[in-house]
Protein chains: 2
Amino acid sequence: MLAHHGLKKATTHHLTQIDRVRASIPTVCKDGTCSADVCTAISDLGKSKRFQAGETVFWQGVEAESYFLITSGLMRAVRFLDDGRRQITRFIFPGTLIVHKDNVDHIYSGEAITDIEVRIIPRDVLDNLVSAQPCLADLVTCSILEELRETQDHLLTLGKLKAEERVSHFLSVLKRRLPGMEKNEINIPMSRTDIADYLGLTIETVSRVLGRMKRQGKISLPTCNRITVAESYVLDRHQESFAA
Amino acid sequence: MLAHHGLKKATTHHLTQIDRVRASIPTVCKDGTCSADVCTAISDLGKSKRFQAGETVFWQGVEAESYFLITSGLMRAVRFLDDGRRQITRFIFPGTLIVHKDNVDHIYSGEAITDIEVRIIPRDVLDNLVSAQPCLADLVTCSILEELRETQDHLLTLGKLKAEERVSHFLSVLKRRLPGMEKNEINIPMSRTDIADYLGLTIETVSRVLGRMKRQGKISLPTCNRITVAESYVLDRHQESFAA
DNA sequence: CGATGGGTTGACCGGTGTCAAGTTTTGTGG
DNA sequence: CCACAAAACTTGACACCGGTCAACCCATCG
């Protein structure tokens, strides 16, 4: 997006940092996930903090003062309706940089699903870095565009797919992001409630769909947090309709 | 977000342009809509082009080569499932800057709903401007974050609201963005089909909901493209749950 | 051992989708 | 301006998916 200007040997801490980030950017912006590269690039900015499963990392409606880079574990982005209905807008995997507007409240809460490690990067630290080296803006821009792309896929899921299609598609995404020990094995770190609130269904429906898929031999559930997919079964028949 | 460095009297055409943009940015990034300011800021970049209702401005799956700034009329962002199911992910109002990743395909198609006027800004024109004056990055960043916020509201709508709640919420947004001649009057430039594909419903359900609201005296429909809302009726009881 | 929380399963019901007919609006040609 | 056709919208009958409510299972932890 932006030209990568030549940069001479860096002297300050920040500049060596920039060097590393610059090196990673071409890769960052090509593929979908970005994860490893973003982690490497800005992994020693800010300070690292651990949260236990269930803890809230940041609150919807509170002004955003920092960037967050999740380095291990799994988070969820949660929005509430005033009557208590809960929508999970995103599962946040390691390597994701969370960006919010300056002077504006977080549009969702970030909660730890598993125990997690988060790097909290004060806004001005990363912003100054960006100011000093404009090509870094790609890092921020790509992070938001990636979140937008994911959210639009999610929108298509909620707007047009039936219950079983939603679950299948969800599993296929999970398979790509959290592969199990063996091929065709999927780890499911989140609860049925989280899955339901993500897919716009009830836990009963999620459970029933999984039960049916199991009875039909499409999948098996050794434990309720691990799934194996039958060789013959294609999880996501609408794959090419989704961006990733 | 980024520091606004002092900028001396500009000499080239681009620099006067930047001056104007800089002046508008503080406003751009404070409120939700940005419209007027963004329009003013970059209104003579690129070249203006007209499209007739129904024409496609850019295609999903084709590499994004330009920014688009819609200056009049109404567009829709459309995504298709491989079996033909259609989801409208966004209605795009005048003043909206459409940003896509470099080297990456458009994630949706942009189609004209009414006759429209679009300013097509080649990627490098705006990017060079941004490189030359990093504070301009706010313009791009805010545009994407605004789209993200809208999409998340939409996600909450599809995931958690019932048919009548969706229609009510949709009307309340429309009322804010496209007020009619009189107070409590709403213009509806899009078809029932567009509304249905936006709300994840069928045209029959949209029609039935509007019919019921009419019979209950909540609204009246002088024509099917214009609605007046009863003084006593609150369109969106979940307003505070949504960001805008 | 019982209590607790997460997950599964069943019976039932209601909201939406589907299909089809009817109505209104828009557009076109005489 | 009217006549007609086509499109957009509305309305009704009916079916079915998924929500609701309740019972039950199972693992974990005191």
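Worth knowing before you read on, the calculation uses all heavy atoms, side chains too, and leaves out hydrogens, waters and symmetry mates. Below, chain A is the first sequence line, B the second, and so on; all start at residue 1.
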[X] [atom1] to [N] [atom2]: how many Å, rounded?
| X | N | atom1 | atom2 | answer |
| --- | --- | --- | --- | --- |
| Ile227(B) | dT10(D) | CD1 | C1' | 14 Å |
| Asp194(B) | dA7(D) | CG | P | 16 Å |
| Arg208(A) | dC25(D) | CZ | P | 17 Å |
| Leu199(B) | dG15(C) | CG | C1' | 16 Å |
| Leu161(A) | dG17(C) | CG | P | 14 Å |
| Met213(B) | dC9(D) | CE | P | 17 Å |
| Glu164(A) | dC17(D) | CD | P | 11 Å |

If you find the nucleotide of DNA chain C closest to Lys162(A) and the one closest to Thr205(A), which residue's nucleotide is nearer the 5' end?
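Mapping each residue to its closest nucleotide by heavy atoms, the 5'-most match is Thr205(A).
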
Does the pair [X]/[Y] count as a salt bridge with the N-to-O cut at 4.0 Å?
| X | Y | value |
| --- | --- | --- |
| Lys49(A) | Glu117(A) | no |
| Glu150(B) | Arg90(B) | yes |
| Arg85(A) | Glu165(B) | yes |
| Glu111(B) | Arg76(B) | yes |
| Arg86(B) | Asp194(B) | yes |

dG19(D) phosphate, OP1 or OP2: any side-chain N/O from Thr202(A) under 4.0 angstrom?
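Yes, such a contact exists.
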
Record whether the side chain of Arg166(A) comes under 3.5 Å of the base of dG18(D) through a donor-acceptor pair of N or O atoms.
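Checked by distance alone, the answer is no.
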
Counting heavy atoms not belonging to Gln52(B), are there more than 12 under 6.0 Å from its CD?
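Atom CD in Gln52(B) is not crowded, with 12 or fewer foreign heavy atoms closer than 6.0 Å.
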
Nearest-nucleotide wise, let me know which of Arg212(A) and Arg215(B) is further upstream toward the 5' end of DNA chain D.
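Upstream on the strand: Arg215(B).
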
Sequence-distant partners of Glu240(B), side-chain contact (heavy atoms from CB on, under 4.5 Å), two or more places apart:
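Glu240(B) satisfies side-chain contact (heavy atoms from CB on, under 4.5 Å) with Asp82(A) only.
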
Dump every N/O contact between nucleotides 4-8 of chain C and the protein below 3.5 Å, one line per pair.
from: dG7(C); atom 1: OP2; to: Arg192(A); atom 2: N; distance (Å): 3.2
from: dT8(C); atom 1: OP1; to: Arg192(A); atom 2: NH2; distance (Å): 3.3
from: dT8(C); atom 1: OP2; to: Arg192(A); atom 2: NE; distance (Å): 2.9
from: dT8(C); atom 1: OP2; to: Ser207(A); atom 2: OG; distance (Å): 2.8
from: dT8(C); atom 1: O5'; to: Ser207(A); atom 2: OG; distance (Å): 3.0

